[in-house]
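To start, the structure itself, in structure tokens.
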Amino acid sequence: MKNFVEELRWRGMIHDVMPGTEEMLKEGMAAAYVGIDPTADSLHIGHLVGVMMLKHFQNAGHQPIALVGGATGMIGDPSGKSQERNLLDEYTLRQNQEGLKSQLQLFLDFHSDIPNKALLVNNYDWMKEFSFLDFIRDIGKHITVNYMMAKDSVKKRIGEESKTGMSFTEFSYQLVQGYDFLHLYKEYNCKLQMGGSDQWGNITTGTELIRRKLSGEAFALTCPLITKADGGKFGKTESGNVWLDPKRTSPYKFYQFWLNTSDEDAEKYIKIFTMLNQEEVTLLTHQHQAEPHLRILQKRLAEEVTTMVHGNKALEAAKDASAILFGKGTTDQLKNLDEATFLDIFEGVPQSEISSETLNQPLLNILSEQTGVFKSNGEARRMIKEGAVLVNKNKISEDYQFSKEDLIQNTFILVQKGKKNYFIIKVNSF
RNA sequence: GGGGAGAUUCCAGAGCGGCCAAAUGGGGCAGACUGUAAAUCUGUUGGUGAUACCUUCGGAGGUUCGAAUCCUCCUCUCCCCA
């Protein structure tokens with residue numbers, strides 16, 4: 001059995017850990033859980049840290065439990081939810097749960113007969129029948145308001161500078177989450193909850209509850225919140241979240257996301273998001289520092305994560321596409337691609353279709369109204385003036401007019417908005 | 001229940017009768033420089049038939065030649081007292 005805490009420690013994945021956790025885990029197989037909000041039917045990379053913790057946990061010979069927060073997710077956003085809405089939500093919830101599970105299987109072993117196979121549970125299952133009265137009597141009784149108020153998450157919300165206040169629902173959140181822990185402790189002998197550092201307060205409410213109600217001992221471990229060196233929010237791009245679902249974020253975009261991390265972040269991320277061992281990471285980091293322009297870390301990071309999530313084939317496709325788009329790709333090369341390769345490379349790149357007659361319309365018209373490359377004529381005009389718009393890799397000016405000459409394989413036009421944003425116009429010729 | 005403060009463009013936050021599509025900062029996007037990095041500098045950041053017009057400053061009315069700015073009512077938020 002590997003030392004789980006030690007493993008996370010060198011990876012920089014420990015923010016805080018409750019004393020005794022390491023010792024407890026050394027005693028033998030244990031169970032730990034991480035909560036996931038089922039707000040969508042796909043994970044996004046913000047979830048990945050928690051998932052990786054579970055993966056390492058299973059790797060170390062322990063049993064990982066992924067808890068889908070169906071109940072907690074419902075109260076997380078308390079504004080304006082009617083009963084009807086909640087019913088609908090249950091249906092969505094189940095679907096989301098299925099989506100999440102299929103993705104979690106990429107990381108965790110749910111099926112084999114090993115004793116530490118992963119589990120997926122949904123707190124909605126044990127919360128839905130729990131009446132309010134029963135809850136405040138059986139659970140609320142064990143935790144004082146004073147204790148709950150002392151939490152940072154609460155203090156911040158009721159303090160002087162707070163501008164929004166805090167509803168009772170939000171206040172009770174930590175207790176509901178605490179109960180989850182108690183429940184898993186009883187049902188699965190789960191003694192550890194993990195999560196982001198912002199979860200520390202909620203987790204310790206759980207351990208406290210277990211101690212007061214059952215005189216049991218439970219533990220907490222949190223990882224630092226993932227940040228970017230420039231202070232930006234991790235996991236967001238201009239088009240929103242980076243999802244694991246290839247329908248939401250194409251493998252190409254996914255690959256590009258990791259490839260684009262800054263040097264500083266790449267050193268951190270490769271430890272967190274890949275399974276590479278310490279020697280490999282150290283070696284790669286040294287190589288990278290010696291020749292930073294080769295971006296060894298970013299490439300390896302992108303390869304590892306993309307393979308893990310989308311598989312080898314998708315990785316190769318993403319790399320091919322990247323080479324053509326960012327390598328020394330020229331207009332000629334572009335035009336020489338056969339249709340299959342072209343479509344393959346640009347899979348996931350936004351597309352829109354127009355008819356061949358439309359091609360004769362003014363440039364701005366085509367770029368905004370007809371295809372939605374730009375939100376408005378004004379935006380299109382501005383960007384063209386800035387030299388940010390390329391057609392088939394050539395810069396264009398405002399008086400440019402599309403013609404048959406622009407069609408790749410008689411069908412496609414490749415429009416670039418800046419260096420990184422591609423767009424395909426498919427011209428139907430009939 | 002009483003008293004006070006407030007709701008502005010993606011966010012924060014100025015503006016308090018015309019010069020306001022609305023300062024400033026952040027964020028976003030783009031250009032230059034580069035290594036598809038960071039930092040830096042520059043431009044841009046409601047819409048259009050663009051020296052003008054249209055829609056926008058919590059909602060609905062009103063005053064005025066003219067309102068984000070004044071008045072009335074409403075909705076919501078925060079703070080203090082009970």
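The sequence lines fix the lettering, A, B, ..., with proteins before strands; numbering per chain opens at 1. For clarity, every value in this text was computed on a predicted model and none was experimentally measured.
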Legend entry - Residue pairs passing the ring-ring contact (aromatic ring centres under 6.0 Å, His included) test where at least one lies in residues 347-400 of chain A, sequence neighbours excluded: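 Counting only pairs at least two positions apart or across chains, the ring-ring contact (aromatic ring centres under 6.0 Å, His included) contacts touching residues 347-400 of chain A are Y400(A)-F402(A).
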
Legend entry - Sequence neighbours excluded - ring-ring contact (aromatic ring centres under 6.0 Å, His included) pairs with any residue from residues 287-310 of chain A: F254(A)-H310(A)

Legend entry - Distance-only donor-acceptor test (3.5 Å): side chain K385(A), base U44(B): no

Do the charged groups of [X] and [Y] touch, with an N to O distance under 4.0 Å?
X: R382(A); Y: E386(A); result: no
X: R211(A); Y: E208(A); result: yes
X: E264(A); Y: K268(A); result: no

Legend entry - Flag for E369(A)-Q361(A): side-chain donor and acceptor within less than 3.5 Å: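 No, E369(A) and Q361(A) have no side-chain donor paired with an acceptor closer than 3.5 Å.
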
Legend entry - Check: N377(A)/S368(A) side-chain N/O donor and acceptor closer than 3.5 Å: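 A pair is found: one side chain offers a donor N or O, the other an acceptor, under 3.5 Å apart.
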
Rounded to the Å, how far apart are [X] [atom1] and [N] [atom2]?
X: F423(A); N: C29(B); atom1: CZ; atom2: C1'; result: 16 Å
X: L301(A); N: A37(B); atom1: CG; atom2: C1'; result: 13 Å
X: I384(A); N: U44(B); atom1: CD1; atom2: P; result: 17 Å
X: K417(A); N: U44(B); atom1: NZ; atom2: P; result: 19 Å

Legend entry - Residue-level proximity of residues 375-382 of chain A to RNA chain B when a heavy atom falls under 4.0 Å: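 Heavy-atom cutoff 4.0 Å gives S376(A), N377(A), G378(A), R381(A), R382(A).
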
Inset, instruction - Check each residue of residues 292-299 of chain A for a non-hydrogen atom within less than 4.0 Å of any atom in RNA chain B, then write out the ones that pass by number, or none. - result: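 Heavy-atom cutoff 4.0 Å gives P292(A), H293(A), R295(A), Q298(A).
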
Show each protein N/O and nucleotides 38-43 of chain B N/O combination with a separation under 3.5 Å, one pair to a line.
residue : atom : partner : partner atom : Å
G43(B)  : N2   : E386(A) : OE2          : 3.3

Legend entry - A68(B): pairing nucleotide in any strand, Watson-Crick or G-U under 3.5 angstrom: none

Inset, instruction - List for me each residue that meets side chain to side chain contact (heavy atoms under 4.5 Å, CB included) alongside A317(A), sequence neighbours excluded, and say none if there are none. - result: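 A317(A): no side chain to side chain contact (heavy atoms under 4.5 Å, CB included) contacts found.
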
